[in-house]
2 protein chains.
Amino acid sequence: MNTFVTKSLTEHNIKPTFPRMKIYEYLMEHKNHPSVDSVYQELVEEIPTLSRTTVYNTLHLFLERGLVQPILINENEVRYDGDTTVHGHFMCRECGVIHDIFFQDLNLDDASLDGFQVEQKQVYYNGVCPQCK
Amino acid sequence: MNTFVTKSLTEHNIKPTFPRMKIYEYLMEHKNHPSVDSVYQELVEEIPTLSRTTVYNTLHLFLERGLVQPILINENEVRYDGDTTVHGHFMCRECGVIHDIFFQDLNLDDASLDGFQVEQKQVYYNGVCPQCK
DNA sequence: ATATTTGCAAATAATTTGCAGTCGA
DNA sequence: TCGACTGCAAATTATTTGCAAATAT
């Protein structure tokens, strides 16, 4: 079906089953950092047998295998990002949209981290986005 | 009772009632970024009539008035930090402890934020702390 | 008195778990 | 057939809400 999706999953040691492929495809096509529920709501239209459990299972598996990164900017739900590179996230308090911040010149290492084995870095900004100002 | 606590609350337009003073005092004495429940569990020993609702109410109020900042590094609960200065947090995947990272030379502004009105900045690191390595 | 604060109990919402049915090698 | 995958239903957990009792000005 979609060779890119199949390849990405296989390369991360994930068997490319139908729901997994659809969920990954969804993440690749929707860069709006969806929640578990929005992935479910969108895909259940197309796949009526899909369950929330499968979406949870799948995203946990993707996380474990490094295919997605979690965004914990919102107190009440986890959002997922199919882009696993280090970049920031800005959440607008007006519209609620989460924007990607691709740093031009920001180095998140600091001498105060000496001795710590850093595996993940997350940077979150809150405020008002240009459109809402 | 504790003039520092009373003063801090009053200065932030918070009436220094008994539970509020105890909760703020707890935050000042415990820099381990407690969750609502751990604040509750600790203080209910001393104040048997304390309710979780009051801890929620109080911490929300503190947040609104800028007396504490939330730490969303953990998927399943919000932690609170009585230090509202901009600094990072490192969560160890072994021991679960959240360490403060006081940057020596890190500037979180970047040209890619032009146009955004930034009100809060949060930096989280995950990995293994020096003690657990 | 009157407004604010507190706290119980019930409701809500996200996530996890147990388990049975299904699918594919 | 066997192990992995899926999905329903129930359980769990953090948080919120409604409301009544207590408290303070």
Side-chain angles (χ1 to χ4, degrees), chain A residues 1 5-6 9-10 12-26 33-65 67-80 91 96 98, chain B residues 1 5-6 9-10 12-26 33-65 67-80 91 96 98:
Chain A
M1 193 208 303
V5 169
T6 308
L9 296 181
T10 308
H12 285 82
N13 265 310
I14 296 170
K15 241 187 270 179
T17 65
F18 183 66
R20 288 170 178 176
M21 288 174 72
K22 294 307 267 182
I23 291 169
Y24 191 65
E25 196 175 275
Y26 183 85
H33 321 97
S35 63
V36 165
D37 214 61
S38 53
V39 171
Y40 170 75
Q41 294 294 348
E42 288 282 319
L43 289 182
V44 78
E45 297 282 325
E46 207 185 325
I47 314 165
T49 60
L50 184 69
S51 77
R52 245 175 276 262
T53 307
T54 298
V55 181
Y56 275 105
N57 286 341
T58 302
L59 289 172
H60 284 169
L61 184 64
F62 286 1
L63 207 56
E64 192 185 303
R65 299 288 209 276
L67 253 185
V68 299
Q69 65 174 315
I71 303 177
L72 305 180
I73 203 169
N74 194 339
E75 311 213 351
N76 58 316
E77 64 185 3
V78 180
R79 303 291 209 98
Y80 291 89
M91 186 174 196
I98 298 176
Chain B
M1 191 208 305
V5 168
T6 308
L9 296 181
T10 309
H12 286 83
N13 266 308
I14 296 170
K15 245 187 267 179
T17 65
F18 181 67
R20 288 169 179 177
M21 288 174 72
K22 294 307 267 181
I23 291 170
Y24 190 65
E25 197 174 275
Y26 183 85
H33 321 95
S35 63
V36 166
D37 214 60
S38 53
V39 172
Y40 170 75
Q41 295 293 347
E42 287 283 319
L43 289 181
V44 79
E45 297 283 324
E46 208 184 325
I47 314 163
T49 59
L50 184 68
S51 76
R52 243 174 278 261
T53 307
T54 298
V55 182
Y56 275 105
N57 286 340
T58 302
L59 289 173
H60 284 169
L61 184 66
F62 287 0
L63 205 57
E64 191 186 304
R65 299 288 208 276
L67 253 187
V68 298
Q69 66 175 314
I71 304 177
L72 304 180
I73 202 170
N74 195 340
E75 312 212 350
N76 58 315
E77 62 184 5
V78 180
R79 304 290 210 96
Y80 291 89
M91 186 174 197
I98 297 176

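Treat the numbers as computed from the prediction; the structure is a model and nothing was measured. Side chains included, hydrogens not; waters and symmetry mates left out as well; all remaining heavy atoms used. In what follows, every chain begins at residue 1, and chains take the letters A, B, ... in the order their sequences are listed.
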Tell me: [atom1] of [X] to [atom2] of [N], nearest whole Å?
{"X": "Glu75(A)", "N": "dA14(C)", "atom1": "CD", "atom2": "P", "value": "13 Å"}
{"X": "Leu59(B)", "N": "dG7(C)", "atom1": "CG", "atom2": "P", "value": "14 Å"}
{"X": "Lys22(B)", "N": "dG7(C)", "atom1": "NZ", "atom2": "P", "value": "14 Å"}
{"X": "Leu61(B)", "N": "dG7(C)", "atom1": "CG", "atom2": "P", "value": "15 Å"}
{"X": "Ile14(B)", "N": "dT6(C)", "atom1": "CD1", "atom2": "P", "value": "11 Å"}
{"X": "Lys15(A)", "N": "dG24(C)", "atom1": "NZ", "atom2": "P", "value": "11 Å"}
{"X": "Asn13(B)", "N": "dT5(C)", "atom1": "CG", "atom2": "P", "value": "11 Å"}
{"X": "Leu50(B)", "N": "dC8(C)", "atom1": "CG", "atom2": "C1'", "value": "13 Å"}

Less than 4.0 angstrom between a side-chain N/O of [X] and OP1 or OP2 of [N], yes or no?
{"X": "Thr54(A)", "N": "dG7(D)", "answer": "yes"}
{"X": "His60(B)", "N": "dT15(D)", "answer": "no"}
{"X": "Ser35(B)", "N": "dA14(D)", "answer": "no"}
{"X": "Tyr56(B)", "N": "dT15(D)", "answer": "yes"}

What is the distance from atom [atom1] of [X] to atom [atom2] of [Y], rounded to the nearest 0.5 Å?
{"X": "Thr17(A)", "Y": "Ile23(A)", "atom1": "OG1", "atom2": "CD1", "result": "8.0 Å"}
{"X": "Thr58(A)", "Y": "Lys22(A)", "atom1": "OG1", "atom2": "NZ", "result": "13.5 Å"}
{"X": "Gln69(B)", "Y": "His33(B)", "atom1": "CD", "atom2": "NE2", "result": "8.5 Å"}

On a heavy-atom basis, which atom in Leu50(A) and which in Tyr40(A) lie closest, and how many Å separate them?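 So the minimum-distance heavy-atom pair works out to O-CE1, 3.4 Å.
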Phe18(B) versus Ile47(B): any side-chain heavy-atom pair under 4.5 Å? yes
Ignoring hydrogens and angles, does a donor from either the side chain of Thr17(A) or the base of dC5(D) sit under 3.5 Å from an acceptor on the other? no
Checking Arg20(B) now: which residues fulfil side-chain hydrogen bond (donor to acceptor under 3.5 Å, both in side chains) with it, not counting sequence neighbours?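 Not a single residue meets the side-chain hydrogen bond (donor to acceptor under 3.5 Å, both in side chains) criterion with Arg20(B).
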Taking any heavy-atom pair under 4.0 Å as a contact, classify Asp37(B): base, sugar-phosphate, or nothing.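 No contact at all - Asp37(B) keeps every heavy atom at 4.0 Å or more from the nucleic acid.
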Have a look at Tyr80(A) and tell me which of Val39(A), Leu67(A), Val36(A) forms a side-chain contact (heavy atoms from CB on, under 4.5 Å) with it.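 Between Tyr80(A) and the candidates, side-chain contact (heavy atoms from CB on, under 4.5 Å) is satisfied uniquely by Val36(A).
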Within residues 39-48 of chain B, the residues having a heavy atom closer than 4.0 Å to DNA chain C are none
Along DNA chain C (nearest heavy atom to each residue), the more 5'-positioned of Arg20(B) and Thr53(A): Arg20(B)
